[in-house]
Structures are given as C-alpha cells and as structure tokens.
Engineer: 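First the structure, which I've put down as structure tokens, then a few questions once you've had a look.
Because only heavy atoms are used, hydrogens play no part in the values below, and waters and symmetry mates are left out as well, while side chains stay in. Start at 1 and go down the list; that is how both ligands and their atoms are numbered.
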Amino acid sequence: AEQTTLSIIKPNAVAKNAIGAICNRFEQAGLRIVAARMLHMSLEQASAFYAEHQGKPFFDELVGFMTSGPVLVMVLEGEDAIAKNRELMGATNPAKAEPGTIRADFADSFTENAVHGSDAPETAEREIGFFFPDGICPRTQ
Ligand code: CMP
C-alpha cells in the first residue's frame, strides 16, 4: 500500500556532503520526497523525538550527536515506503548493514549511522507530526 515515512539524514552524513547521494537512492527506488526541512535540533527537541530511548545507555551520546549539526528531515512517500526505506538504510548497527545500503556506505558508528527511518505506520505518523506540525507541504499565503 501507499505509505509515508519520516527520514532523517543525520549530522555525519550532512557533514560529508552526502545529501544528494542519499536522496538519489530514495528516488531511484521509487520513493518520492514530499516534504523536507533542514534544521539544527536543540537538546530538548532531540530528547523529545527520541523519548522512547530515554534511560538507555546510549541516550546521551545519541542526543549529543543528533544536536551536533544540521540534519535534513524528509517525508518519503511510495509503495511500502516504511519497509522500502528500511531496506535502503540497512541495519541500525552499520557493522551488520548489507553491502550497498546507505548505512554500509555512509555510517561511521552505531550512533553516527547516517540516517533514521520510521519503523512502523504509527511511528511514522508521530514522527511526521513531530517535524511537520503544520502539514507536510503547506501552501504559502
Ligand atoms: P535511529 O534509527 O535514529 O534510532 C535510535 C538510534 O539510537 C539508532 O538509530 C542508533 O543510532 C542509536 N542506537 C540504537 N541502539 C544503540 C546501541 N545499542 N548502541 C548505540 N547506539 C544505538
């Protein structure tokens, strides 16, 4: 079915000038970029986005990294967009990511793993609303 999912190109991938290369993979796979925002998250914002990971041993490192520089947040749309995006990304731990996946090619570590993608329809809905509270592509006045 047609779905939308939230994608984040993380600070390490932005810093290595890989935005175009990564977006190209989405488009080549048939996913359409229907919304995009570049932003530099505050600690409060990153902590709220990753609220489900609060208390985990990697949480401080995760929010520290996610607030270390600009990210590109996007909504991807297409057939089975959630699973397709996760396939393109590869495993969360880049050491386990299949060759040719985004994380295999652009991740630097488990924390600096280049991209984020929603893992389920409910998560996608929450994450899209988190970054696009006014709708995904509001008409300007
Ligand atoms: P992401 O898909 O953005 O969701 C949460 C992030 O936490 C994940 O990518 C990883 O970068 C990071 N993460 C999850 N589990 C671990 C772990 N065991 N050790 C270090 N980082 C982790």
Side-chain angles (χ1 to χ4, degrees), residues 1-140:
E2 283 287 314
Q3 290 178 329
T4 50
T5 188
L6 187 91
S7 167
I8 304 178
I9 301 184
K10 296 189 179 188
N12 68 311
V14 172
K16 58 178 82 166
N17 215 18
I19 288 175
I22 293 171
C23 289
N24 193 40
R25 292 185 186 206
F26 296 144
E27 294 188 334
Q28 289 297 314
L31 295 174
R32 297 177 295 279
I33 299 165
V34 296
R37 274 183 77 190
M38 198 148 188
L39 55 100
H40 191 146
M41 278 191 264
S42 66
L43 275 179
E44 291 71 23
Q45 192 176 23
S47 299
F49 181 73
Y50 282 120
E52 64 174 294
H53 295 301
Q54 266 169 38
K56 293 187 187 168
F58 57 85
F59 182 75
D60 287 355
E61 189 179 328
L62 173 63
V63 297
F65 165 60
M66 290 301 287
T67 58
S68 68
V71 298
L72 181 66
V73 185
M74 293 177 285
V75 177
L76 306 178
E77 180 186 81
E79 183 70 19
D80 290 324
I82 294 169
K84 195 175 276 183
N85 180 40
R86 292 179 71 79
E87 226 170 87
L88 293 169
M89 289 193 296
T92 307
N93 180 354
K96 296 185 178 167
E98 293 293 326
T101 61
I102 293 168
R103 283 168 171 154
D105 292 340
F106 298 107
D108 296 297
S109 68
F110 208 150
T111 298
E112 302 196 15
N113 63 351
V115 282
H116 167 84
S118 309
D119 61 5
E122 308 72 46
T123 327
E125 193 181 346
R126 179 187 86 82
E127 293 181 350
I128 291 168
F130 185 91
F131 285 113
F132 298 93
D134 301 324
I136 61 170
C137 189
R139 213 50 197 267
T140 53

Engineer: Considering only heavy atoms, does Lys10 approach ligand 1 within less than 4.0 Å through its side chain, its backbone, both, or neither?
Structural biologist: side chain

Engineer: Counting only N and O atoms by type, is there a donor-acceptor contact under 3.5 Å from the side chain of Glu127 to the main-chain atoms of Thr5?
Structural biologist: no

Engineer: Using a strict cut-off of 4.0 Å, indicate which atoms of ligand 1 neighbour a heavy atom of Arg103.
Structural biologist: 2 (O)

Engineer: Heavy-atom contacts under 4.0 Å between Met89 and ligand 1: side chain, backbone, both, or neither?
Structural biologist: neither

Engineer: Which of the numbered atoms in ligand 1 are under 4.0 angstrom from any heavy atom belonging to Thr111?
Structural biologist: 11 (O), 21 (N)

Engineer: Looking at atom 7 (O) of ligand 1, what's its closest protein heavy atom, distance included?
Structural biologist: Phe58 CE1, 3.4 Å

Engineer: Among all protein heavy atoms in this structure, tell me which lies nearest to atom 6 (C) of ligand 1, with the distance rounded to 0.1 Å.
Structural biologist: Leu62 CD1, 3.6 Å

Engineer: Short question: side chain of Asn12, backbone of Glu112 - any donor-acceptor pair under 3.5 Å?
Structural biologist: yes

Engineer: What orientation do Tyr50 and His116 show, parallel under 30°, tilted 30 to 60°, or perpendicular over 60°?
Structural biologist: perpendicular

Engineer: Kindly give the heavy-atom pair with the smallest separation between Ile82 and Gln3, and that separation in Å.
Structural biologist: N-OE1, 3.1 Å

Engineer: Determine whether Leu72 and Cys23 make a side-chain contact, defined as any pair of heavy atoms from C-beta on separated by less than 4.5 Å.
Structural biologist: yes

Engineer: Honestly, is Arg103 close enough over Phe110, meaning NZ or CZ under 6.0 Å from the six-membered ring centre and within 45° of the axis?
Structural biologist: no

Engineer: Measure the distance from atom 8 (C) of ligand 1 to every protein heavy atom, then report the residue, atom name and distance (to 0.1 Å) of the closest one.
Structural biologist: Thr92 CG2, 3.6 Å

Engineer: Does a sphere of radius 6.0 Å around CD in Glu61 hold more than 12 heavy atoms from other residues, nucleotides or ligands, not counting ones at 6.0 Å or beyond?
Structural biologist: no

Engineer: Report, in ascending order of atom number, the atoms of ligand 1 lying under 4.0 Å from any heavy atom of His116.
Structural biologist: 1 (P), 2 (O), 3 (O), 4 (O)

Engineer: Can you tell me if Glu79 uses its side chain to pair, donor with acceptor, with the backbone of Ala1 under 3.5 Å?
Structural biologist: yes

Engineer: Using heavy atoms and a 4.0 Å limit, tell me yes or no: is Lys56 in contact with ligand 1?
Structural biologist: no

Engineer: Please write down residue, atom name and distance for the protein heavy atom closest to atom 4 (O) of ligand 1.
Structural biologist: Tyr50 CE2, 3.6 Å

Engineer: With heavy-atom distances below 4.0 Å as the criterion, list the atoms of ligand 1 near His53.
Structural biologist: 5 (C)

Engineer: Looking only at atom types and distance, does a side-chain atom of Asn113 sit under 3.5 Å from a main-chain N or O of Thr92, one as donor and one as acceptor?
Structural biologist: yes

Engineer: Taking the non-hydrogen atoms of Arg86, is any one of them nearer than 4.0 angstrom to ligand 1?
Structural biologist: no

Engineer: For ligand 1, is there an atom lying under 4.0 Å from some heavy atom of Phe65?
Structural biologist: no

Engineer: Answer yes or no: does an N/O atom from Phe110 fall short of 3.5 Å to an N/O atom of ligand 1?
Structural biologist: yes

